[in-house]
2 protein chains.
Amino acid sequence: MKAAWLWSMAVAVAAGAAAEEGSMQGFPFVLPKQKPDMPLSEAMERLYTDYRAPRPEDNELFTQFKYTELKGFDYHDGDGTITRRDPSKVIFAKGKYYVWYTHRNTPTPPKGPQKCSDTIPSTDWDLCDIWYATSNDGFTWEEQGVAVPRPPKPNVGWRSVCTSDILVWKGKYYLYYQGFMEASGKRGDYCPVTASWADSPDGPWTPCNKVVIPNGPEGAWDQYTIHDPYPLVYNGRIYLYYKADADGAPNLVRMQGLAIADDPLGPFEKHPLNPVINSGHETTLFPFEDGIAALVIHDGTEHYTVQFAKDGVNFSIASIVDLMPRAAGPFIPDAFVDAKGRRGITWGISHFTNATTWEHNHSILARFDCDLSLDVDDPVLKRTGTYHRPDVYYRQGLTGEQRKRIGEENQRFKAAQKR
Amino acid sequence: MKAAWLWSMAVAVAAGAAAEEGSMQGFPFVLPKQKPDMPLSEAMERLYTDYRAPRPEDNELFTQFKYTELKGFDYHDGDGTITRRDPSKVIFAKGKYYVWYTHRNTPTPPKGPQKCSDTIPSTDWDLCDIWYATSNDGFTWEEQGVAVPRPPKPNVGWRSVCTSDILVWKGKYYLYYQGFMEASGKRGDYCPVTASWADSPDGPWTPCNKVVIPNGPEGAWDQYTIHDPYPLVYNGRIYLYYKADADGAPNLVRMQGLAIADDPLGPFEKHPLNPVINSGHETTLFPFEDGIAALVIHDGTEHYTVQFAKDGVNFSIASIVDLMPRAAGPFIPDAFVDAKGRRGITWGISHFTNATTWEHNHSILARFDCDLSLDVDDPVLKRTGTYHRPDVYYRQGLTGEQRKRIGEENQRFKAAQKR
């Protein structure tokens, strides 16, 4: 207590002294809220020009992420025969929360493109249907069963439908999802985006049986893949973001594009400045104030960032975060309300892939909580410095090959020192 | 095999098509190495202007970090009576690797500022001495015992000496460290930087018995604290970086400053543009090419970044990384060689605090490996997308208070929907 008192006295005294004596004393002890009028290093300059606030605590687009196991989902003891993954956004309708997701229930776990069959899945997202669940509190869910099953051959998605997301538009519900016409993995992941619509979130769902977002032209970054369709309402139009897998040498380059339409079933016009996000994997976006915010996870140079675009197109880094939710479907109270000053998000559903072992490969849904909302102020979620136990680091260990290389480099280095 | 062949064919065809048809087809499938001459979104523009390379694989300042348990250190079954933390840089001398660190061996774990005594520590870094160890391979270490003990009262550091780092200058060895004159925690962490020198890394060490880096003037950001001194040789002078804890409402603001000298024992002149790094905690820096690179960990808006300053002063973000080593002391082969074109780092020693339980509070040393070197190219360390098991996320759970708040917000939201 005494220490705390002395400290707060010291802060008060220092603040007074800094105010009185100005920049002659160097950068002030109390971090100014506005950029001080004095020469600054590039890093200090940036703190005031590149971020919404110079402190993470005051940055509405900075947060920690917290995770909670969901109740209500059975995974057959995690043996890999049941998967739930790629949750849609969460919506509130008929007094409940709704989420849609990729659901697989197969005789075995995935066996790869060589060993799959009409009933044995190739990948975790092969031989799937779109299922849904409802909840009163977001923690305990009741599975309602299938929303959109695989259609009969040769319709789009006869082999698998997956990675759904939801749009509410003029009183109707639209599910966008990817449709496979062969087992995933045989030739990359070609699976065009199609859609179904319904008058109620409980269905019945009517498939449009066509490709809604076409692949890009030959030679373009999105020529082979349009993944993870993610619709929002912005400026009175449908803004649908998607991922494409480009390049491949040595690794795929994952970036995000934007397609815009006035009707949920298209035509969608791709933005001429695509890609609009240079990194990321499963795209999570939400309207924020008068723009669009994005969780850029996992892949690329700007992974682990929250980004923001005042125009929904030109994104910049708003904060750097860690332990981000994967394939997150947030609850966005104003996702489809075309208003200014939208409020952000505080929770949603994400997934963990390979939840047990690779032999029993399957994914599970989980809840994440955060403070990316103008309506909530949770100081615990605004602190930096996530603490992990040592085992979390040790699990990211060197491979045998790396140990060998390092040993050889050590020998070479020591031999060179002797010369 | 077939899939891989088809894919590589597709990549080749696409690259040809893109080259022929140019920007009419949209952004090309193969990510151009140079900025293409076409309209770009801000994110794509940034990929070519703000980073060393548009892909993480090609960015010499991007890396994953891998961790290995060290052999050779005993922690008395992790009961909190022995701590090793805040490793110095690793140097190579007399055919071996050397590391110095804060060492505590006390009858009990830390008991806090109210319950500490002449023999019972307040914090994990109270009642400590500077010890050292040597190694042939960087994985197995032999502890050599004390290098710099606490001096007798009233010399600087009589209560505790800790957080050492090493400088080699004109054939002599200099250890910089913090010296406590009262138990840590009684009034924040006031502990000025002092130093000892020796002709050999094995000592004996002669204390200079003075404050080498003075605190800033009243009202300045570094008026109360100069922590984690970190000397390098740059432009023929001694560049010593340090952390100060500013502000405190609501949280401390941790930033990094620079002090420059021509003699290891000073006088050190603080840079007029301080702070030079706007975030971070224990400062890890290394010469890289013709500038200085920094690992900015844990605290502040630009945590989780590798940064670079061509002039050692004006740092910008070079990459965003995760699971960074804490208080890392890297092996920098050319740390004290005043040459251009320095090569970077591949490994070092870092610490984990609170390694078992809070009741047995102590820290342990560990090894980290990375590829932040021009001499190594390890593709595994250049991949993005660190995978964690679900339990790593679930351990970052909501508090009871947060669950309560979330439940109440849910009730309020649902009630508002009914109106």
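Bear in mind that the values here come from a model prediction, so they are computed numbers and not experimental data. So that the names make sense, note that chain A is the first sequence line, chain B the second, and so on, each numbered from 1.
- For Thr68(B), the parts sitting under 4.5 Å from any heavy atom of chain A are the backbone and the side chain alike.
- Residue contact with chain B, scored on non-hydrogen atoms closer than 4.5 Å, involves the backbone and the side chain of Pro250(A) alike.
- Taking the side chain as every heavy atom from C-beta outward, Gln402(B) and Leu381(A) approach each other to under 4.5 Å.
- For the pair Asn410(A) (side chain) and Asn136(B) (backbone), a donor-acceptor distance under 3.5 Å is present.
- Between Arg55(A) and Val253(B) there is a side-chain heavy-atom pair separated by less than 4.5 Å.
- Note: Arg383(B) leads Glu409(B), His388(B), Arg383(B) in heavy-atom pairs under 4.5 Å with chain A.
- Interatomic distance, CG of Asp322(B) versus CG of Asp322(A), reported as 7.5 Å (0.5 Å rounding).
- For a residue to count as touching a neighbouring chain, one of its non-hydrogen atoms must lie under 4.5 Å from one of that chain's; by this rule Thr301(A) touches chain B with backbone and side chain alike.
- Interface residue Gln307(A): only side-chain heavy atoms are found under 4.5 Å from chain B.
- Separation of atoms NE2 (His298(A)) and OG1 (Thr386(B)) is listed at 8.0 Å; rounding is to 0.5 Å.
- Heavy-atom distances place the side chain of Phe331(A), and not its backbone, under 4.5 Å from chain B.
- In this structure, no portion of Ser279(A) lies under 4.5 Å from any heavy atom of chain B.
- No cation-pi contact links Arg326(B) to Tyr393(A), judged by a cut-off of 6.0 Å to the six-membered ring centre and 45° from its axis.
- Most heavy-atom pairs under 4.5 Å with chain B: of the set Asp137(A), Val276(A), Leu323(A), this distinction falls to Leu323(A).
- Nearest heavy atoms, Asn274(A) versus Phe27(B): O-CB, 3.7 Å.
- Of the possible donor and acceptor atoms, one in the side chain of Asn278(A) sits under 3.5 Å from a partner among the backbone N and O of Ala43(B).
- With Ser41(A) contributing its side chain and Asn314(B) its backbone, the two residues share no donor-acceptor pair below 3.5 Å.
- Between Lys66(B) and Thr399(A) there is no side-chain heavy-atom pair separated by less than 4.5 Å.
- Inter-residue side-chain proximity for Pro333(A) and Phe413(B) is flagged as met; some heavy-atom pair is nearer than 4.5 Å.
- No other option in Thr356(B), Asp375(B), Asp50(B) has as many heavy-atom pairs under 4.5 Å with chain A as Thr356(B).
- Both the backbone and the side chain of Leu398(A) come within contact range of chain B, with heavy atoms under 4.5 Å apart.
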Exercise for the section: Could you please spell out the steps behind the side chain to side chain contact (heavy atoms under 4.5 Å, CB included) verdict for Lys414(A) and Phe92(B)? Expected result: CA-CA 9 Å; Lys414(A) 289 166 76 172; Phe92(B) 187 81; 3.7 Å; yes

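- In this structure, the portion of Val321(A) lying under 4.5 Å from any heavy atom of chain B is its backbone and not its side chain.
- Taking Phe368(A), Trp347(A), Tyr304(A) one by one and counting their heavy-atom pairs under 4.5 Å with chain B, the maximum is reached by Tyr304(A).
- Among Pro275(B), Pro325(B), Pro54(B), Ala53(B), the residue making the largest number of heavy-atom pairs under 4.5 Å with chain A is Pro275(B).
- Checking side-chain atoms of Arg389(A) against main-chain N and O of Asn354(B) turns up a donor-acceptor pair under 3.5 Å.
- Between the Lys418(A) side chain and the Gly95(B) main chain, no donor and acceptor come within less than 3.5 Å of each other.
- Chain A forms more heavy-atom pairs under 4.5 Å with one residue of Ala366(B), Pro390(B), Ala355(B) than with any other, namely Pro390(B).
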Exercise for the section: Step by step, work out the ring-ring contact (aromatic ring centres under 6.0 Å, His included) result for Phe62(A) and His303(B). Expected result: CA-CA 12 Å; Phe62(A) 172 74; His303(B) 56 177; 5.6 Å; yes

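- Residue Glu69(A) touches chain B through both its backbone and its side chain, counting heavy-atom pairs closer than 4.5 Å.
- Ring planes of Tyr394(B) and Phe352(A): perpendicular class, angle over 60° (limits at 30 and 60°).
- In terms of heavy-atom proximity, Tyr51(A) sits nearest to Ile317(B) at OH-CD1, 3.8 Å.
- Of the two parts of Asp369(A), only the side chain, counted from C-beta on, holds a non-hydrogen atom closer than 4.5 Å to a non-hydrogen atom of chain B.
- Only the side chain of Ile364(B) comes within contact range of chain A, with heavy atoms under 4.5 Å apart.
- Considering only heavy atoms from C-beta on, Glu42(A) stays 4.5 Å or farther from Phe315(B) through its side chain.
- Both the backbone and the side chain of Leu31(A) come within contact range of chain B, with heavy atoms under 4.5 Å apart.
- Of the two parts of Ser350(A), neither the backbone nor the side chain holds a non-hydrogen atom closer than 4.5 Å to a non-hydrogen atom of chain B.
- Note: Arg403(B) leads Gln417(B), Arg403(B), Gln411(B), Lys382(B) in heavy-atom pairs under 4.5 Å with chain A.
- With rounding to the nearest 0.5 angstrom, the OG1 atom of Thr384(B) is 7.5 Å from the CG atom of Asn251(A).
- At a threshold of 4.5 Å between non-hydrogen side-chain atoms, the residues Trp221(A) and Met44(B) do not count as touching.
- Side-chain contact check for Leu273(B) versus Pro39(A): some heavy-atom pair is nearer than 4.5 Å.
- Of the N and O atoms on the side chains of Tyr387(B) and Gln396(A), not one donor lies less than 3.5 Å from an acceptor on the other residue.
- For Leu40(B), the part sitting under 4.5 Å from any heavy atom of chain A is the backbone (N, CA, C, O) and nothing else.
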Problem - Criterion salt bridge (Lys or Arg N to Asp or Glu O under 4.0 Å) on Arg395(B) and Asp391(A), from CA distance to verdict - result: CA-CA 12 Å; Arg395(B) 287 196 232 169; Asp391(A) 70 291; 2.7 Å; yes

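- Between Arg367(B) and Ile406(A) there is a side-chain heavy-atom pair separated by less than 4.5 Å.
- The minimum heavy-atom distance between Pro56(B) and Gly300(A), with the atom names listed, is CG-C, 3.8 Å.
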